[in-house]
Amino acid sequence: MVVLRSYFKQWLAVIAVFVLCINSKSYAQTYNFNTSSASEIEYATQIKHAPGGFPISLTVWNNDWWQHIRPNLSHWGDSLKFKSLVSYLKFQVYHEYSHPSTVAYNYRITYQLLGYTNPADTVSTYTTINDTLTIGYNPDSLSAYQDVQLKRYTGFYKIKVSLTGLWDYTNPSAPVAVSLATMPDSNFYFEASIVTQDYNKFPYGSSTALFTSIDSSNVSKNYLGVNWQLSSGGSGPIILSPVNYELEWTYVDDYSRNVSTGAITYLTPSQMAYDFRHNSTRVWLDTNYYQIPLVYAGGAVVYRVRMVRPD
């Protein structure tokens with residue numbers, strides 16, 4: 001128990017902190033997963049002037065590849081897993097291009113995708129997909145056209161894309177291969193990306209996290225500011241994502257009254273009786289700090305906090 005007394009005007013605040021074990025129930029609440037992406041782009045001018053022409057290669061690793069996965073191939077899963085691991089291939093008109101195309105076009109690009117599903121083998125273990133993306137453009141601002149198309153794939157830690165050809169698709173029944181040497185300047189691009197949502201588990205060799213550096217010294221007339229940090233095995237603060245917290249507090253009187261004489265006796269913290277099952281307030285937080293409103297008369301505010309994670 002951590003006890004702090006603070007006097008302001010006629011109020012007495014006694015704060016008792018109780019650290020609970022980790023709770024795995026989510027109570028249908030939501031979590032903020034960190035989203036990150038890695039991508040590689042080939043613009044029309046780069047495709048047009050690519051040395052040797054097609055095929056043109058793009059390679060993308062997810063953002064955890066070099067920092068977490070590759071250095072720890074045998075045990076990276078002990079500290080990291082993915083809520084989602086999604087690859088996108090996108091063919092799109094580049095509307096922000098400073099020299100937009102002056103002619104209308106309908107282009108289909110063909111590609112081969114190698115999707116790597118085994119982090120320990122990026123040479124021979126992959127899924128091969130051959131597919132196409134098609135877009136159109138018209139410099140007439142009143143004309144309708146499809147300026148973007150994308151395909152979505154899941155489960156790839158790394159992708160390697162080979163652009164194999166570009167076709168004039170003005171007549172879909174008789175597409176014509178586009179010669180890069182004679183292709184007019186165009187305002188389109190092709191993008192390959194991997195978007196991930198990470199779940200950071202406990203550090204290697206640790207299965208628990210302890211609350212430490214719990215601070216409730218920020219007291220004013222209107223609120224009690226509380227904050228806390230996590231540590232593991234005495235190694236200092238750690239950062240987990242996603243992580244939420246339940247903060248619960250209740251108010252109790254800090255005195256007892258003799259019914260017969262009316263005499264009032266003030267209680268020490270160890271003498272105060274409280275029960276979180278009645279007359280308590282609980283909030284769900286995605287931060288490690290909160291300001292508890294002090295809307296009570298003289299007495300004690302008792303609070304407790306616990307960490308809540310998706311699994």
Side-chain angles (χ1 to χ4, degrees), residues 35-63 84-118 122-197:
T35 301
S36 65
S37 63
S39 66
E40 187 172 342
I41 299 177
E42 287 286 332
Y43 293 94
T45 54
Q46 295 171 299
I47 293 176
K48 177 179 174 62
H49 300 289
F54 294 112
I56 300 171
S57 296
L58 302 86
T59 303
V60 181
W61 297 263
N62 75 77
N63 277 338
S84 64
L85 184 63
V86 182
S87 302
Y88 295 97
L89 300 186
K90 180 168 65 174
F91 192 28
Q92 181 170 1
V93 172
Y94 183 25
H95 293 287
E96 294 77 18
Y97 187 45
S98 57
H99 301 289
S101 178
T102 58
V103 297
Y105 58 79
N106 286 279
Y107 284 156
R108 169 168 287 188
I109 199 165
T110 57
Y111 63 85
Q112 182 181 79
L113 168 67
L114 305 183
Y116 295 86
T117 57
N118 181 4
T122 58
V123 177
S124 58
T125 304
Y126 54 80
T127 299
T128 303
I129 300 171
N130 292 285
D131 212 335
T132 65
L133 291 169
T134 306
I135 61 171
Y137 173 75
N138 195 315
D140 182 355
S141 61
L142 298 180
S143 297
Y145 54 88
Q146 180 178 330
D147 64 344
V148 61
Q149 187 179 31
L150 63 85
K151 298 287 177 68
R152 177 180 184 272
Y153 309 93
T154 60
F156 298 147
Y157 297 92
K158 168 189 172 183
I159 58 175
K160 184 175 181 179
V161 183
S162 294
L163 305 181
T164 56
L166 185 66
W167 299 79
D168 186 328
Y169 224 64
T170 304
N171 183 0
S173 62
V176 178
V178 176
S179 170
L180 296 183
T182 59
M183 182 182 76
D185 289 339
S186 301
N187 54 333
F188 64 80
Y189 66 88
F190 183 94
E191 180 180 13
S193 63
I194 299 179
V195 180
T196 58
Q197 287 185 311

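- The distance from atom CG of L166 to atom OH of Y111, rounded to the nearest 0.5 Å, is 14.0 Å.
- For the pair T170 and N106, the minimum side-chain heavy-atom distance is below 4.5 Å.
- Every pair tested for side chain to side chain donor-acceptor pair (under 3.5 Å) that includes a residue from residues 45-55 fails, sequence neighbours excluded, so the list is empty.
- Across all their heavy atoms, Y189 and V93 have their closest contact at CE2-O, 4.3 Å.
- Summarising the geometry of S186 relative to P184, their closest heavy-atom pair is OG-O, 3.0 Å, with the distance given to 0.1 Å.
- Residue pairs meeting the salt bridge (Lys or Arg N to Asp or Glu O under 4.0 Å) criterion with at least one member in residues 177-196, sequence neighbours excluded: K90-E191.
- Residues satisfying the side chain to side chain donor-acceptor pair (under 3.5 Å) criterion with S101, sequence neighbours excluded, are absent altogether.
- When all heavy atoms are compared, the tightest approach of A192 to V60 is O-CG2, 3.4 Å.
- Atom OG1 in T110 sits 8.0 Å away from atom CG in L163 (nearest 0.5 Å).
- Every residue two or more places apart in sequence or in another chain was checked for a side chain to side chain donor-acceptor pair (under 3.5 Å) with T128, and none qualifies.
- Between Y107 and Y105, the two ring planes are parallel [angle under 30°; tilted spans 30° to 60°].
- A salt bridge (Lys or Arg N to Asp or Glu O under 4.0 Å) check over residues 149-178, counting only residues at least two apart or in different chains, returns the pairs D131-K151.
- Put simply, CD1 on I159 and CH2 on W61 are 10.5 Å apart, with the number rounded to the nearest 0.5 Å.
- Across L180 and G53, no two heavy atoms sit closer than the pair CD1-CA, 4.0 Å.
- Residue pairs satisfying the salt bridge (Lys or Arg N to Asp or Glu O under 4.0 Å) criterion with at least one member in residues 93-114, sequence neighbours excluded, are absent.
- Here OH of Y116 is found 14.0 Å from CG of N62. Values are rounded to the nearest 0.5 Å.
- When all heavy atoms are compared, the tightest approach of S37 to V195 is CB-CG2, 3.8 Å.
- Applying the side chain to side chain contact (heavy atoms under 4.5 Å, CB included) rule to A50 yields the partners I56; only residues at least two apart in sequence or on another chain are considered.
- Residues meeting the side chain to side chain donor-acceptor pair (under 3.5 Å) test with Q112, sequence neighbours left out: N130.
- For T117, the side chain to side chain contact (heavy atoms under 4.5 Å, CB included) criterion is met by T125, T127, F156, not counting sequence neighbours.
- In terms of the side chain to side chain donor-acceptor pair (under 3.5 Å) criterion, Y126 has no residue partners (sequence neighbours excluded).
- Applying the ring-ring contact (aromatic ring centres under 6.0 Å, His included) test to Y145 and every residue at least two apart in sequence or in another chain returns Y137.
- Using bins of under 30°, 30° to 60° and over 60° for the plane-to-plane angle, the ring pair Y43/Y94 lands in the tilted bin.
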